[in-house]
Amino acid sequence: MSRITHIEITHHQLVLDPPFPASWDTRPRTHFPATVLRVHDDEGRTGIGSGDAMYGFSDYAHLFIGTDPLDLERHHAVLMNIEFHAGRPWPMDVALWDLAGKVRNEPVWRMLGGHTDRLRAYVSSGVHRPVEDMVRVAQQVVQAGFPALKVRFGRPRFEDDLAVVQAIHEAVGDRLELMVDCNQGWRMPWDTAQPWTLGHALVVARQLEQLGVYWMEEPLHRGDYEGLRALRKQVGIRVAGGEMTREPYEFRELLERDCLDVFQPDAVCSGGITGLAKVARAVAAQGRIFTPHTWGNGIGLMANLQLTAGTVGAPFIEWPLDAPEWSAERRDYMLTHPLRPDGQGWFHLPQTPGLGIELDEAALARTLSSAATFH
Ligand SMILES: [Mg+2]
């Protein structure tokens with residue numbers, strides 16, 4: 001049995017020049033922060049996690065020192081308590097799975113059950129571009145072999161959002177599934193805009209349904225269970241959501257009240273791999289789709305790929321990519337090898353133990369802003 005000896009947390013900032021004008025953020029992003037967490041055991045192994053800033057975790061890191069890394073359910077119970085008191089500690093759960101995989105000499109997706117060894121990626125765009133540029137993006141996505149593309153709503157005029165979907169549908173509609181993210185579930189701290197009403201969501205949903213859109217994402221606030229349920233009753237298009245939903249009882253409510261067709265919690269934001277493996281199985285058992293939000297860095301993306309491949313699989317999984325502002329090199333700057341699918345959009349799960357990622361120490365040193373170690 002090995003023991004956890006110490007935990008390192010480092011904060012990094014990648015300068016984004018040109019900035020990334022994320023469509024869901026009213027402020028263009030000039031930096032891409034990352035927090036990298038490393039859990040070390042007394043046999044020289046290291047588990048890696050990332051995906052949340054981990055503010056508040058410092059007060060509780062000692063709760064893991066001296067414990068067996070394989071006690072994943074015990075660690076998860078402690079992390080659920082930490083989340084309640086201090087914020088989202090889920091990169092710790094991801095790092096523990098990476099370490100557990102290295103102890104067991106097994107990839108995480110196999111430890112979870114080995115549902116599939118590959119997942120098909122959909123390109124998740126992040127920038128509001130003019131219609132003709134969005135059509136060009138869609139054509140490039142088709143040429144790169146991807147089966148699906150997600151576009152973002154939220155331009156000042158709804159007609160301009162709709163024109164993008166219509167133009168892409170006309171240009172490549174028979175070769176590409178389209179998803180639309182309405183981004184009404186949550187807001188950045190400085191954005192005080194109200195979420196859409198059910199009435200507005202219905203108008204949008206009917207238009208998207210006519211255009212054959214595969215799913216409509218976050219059409220209402222994440223807590224508007226009655227609105228989501230009413231929307232699903234009145235339209236045929238799939239409704240997706242839950243990317244920032246945190247508590248197990250919230251997922252239970254969303255399932256029992258028939259609020260969503262597609263559940264999208266992210267292992268580095270909600271519940272970790274341990275918690276979401278249970279959510280994924282509950283969602284699949286009800287005949288719904290589980291396919292996580294993955295927008296963040298390559299470590300978080302990999303955590304979600306391992307989680308999904310290991311448990312229930314998914315028709316498509318989110319692949320954040322919208323170059324030049326959001327390239328694989330920017331997204332995965334902390335990794336020696338940016339994650340890439342094959343020429344048909346399939347991502348093949350690593351056969352190496354744990355998450356199967358390797359940190360680019362030089363890039364991490366260049367971008368380091370602060371570091372702390374807990375014994
Ligand atoms: Mg989303």
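Note that this is a predicted model, so its numbers are computed, not measured. Each ligand, and each atom within it, is numbered from 1 in the order the structure gives. Residues: numbered from 1 along the sequence shown.
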Could you tell me if the ring centre of F158 sits under 6.0 Å from that of W196? no
Measure up the H11 and Y55 rings against each other and bin them: parallel (under 30°), tilted (30 to 60°), perpendicular (over 60°). parallel
What's the atom name of the N, O or S in D181 nearest to the Mg ion (ligand 1)? OD2
Non-neighbouring partners of H85 that pass ring pair (Phe, Tyr, Trp, His ring centres under 6.0 Å), sequence neighbours left out: none
Which N, O or S atom of E217 lies nearest to the Mg ion (ligand 1), by name: OE2
Check all N, O or S atoms of E243 and name the one closest to the Mg ion (ligand 1). OE1
Ring centre gap for H128 and W24 strictly below 6.0 Å: no
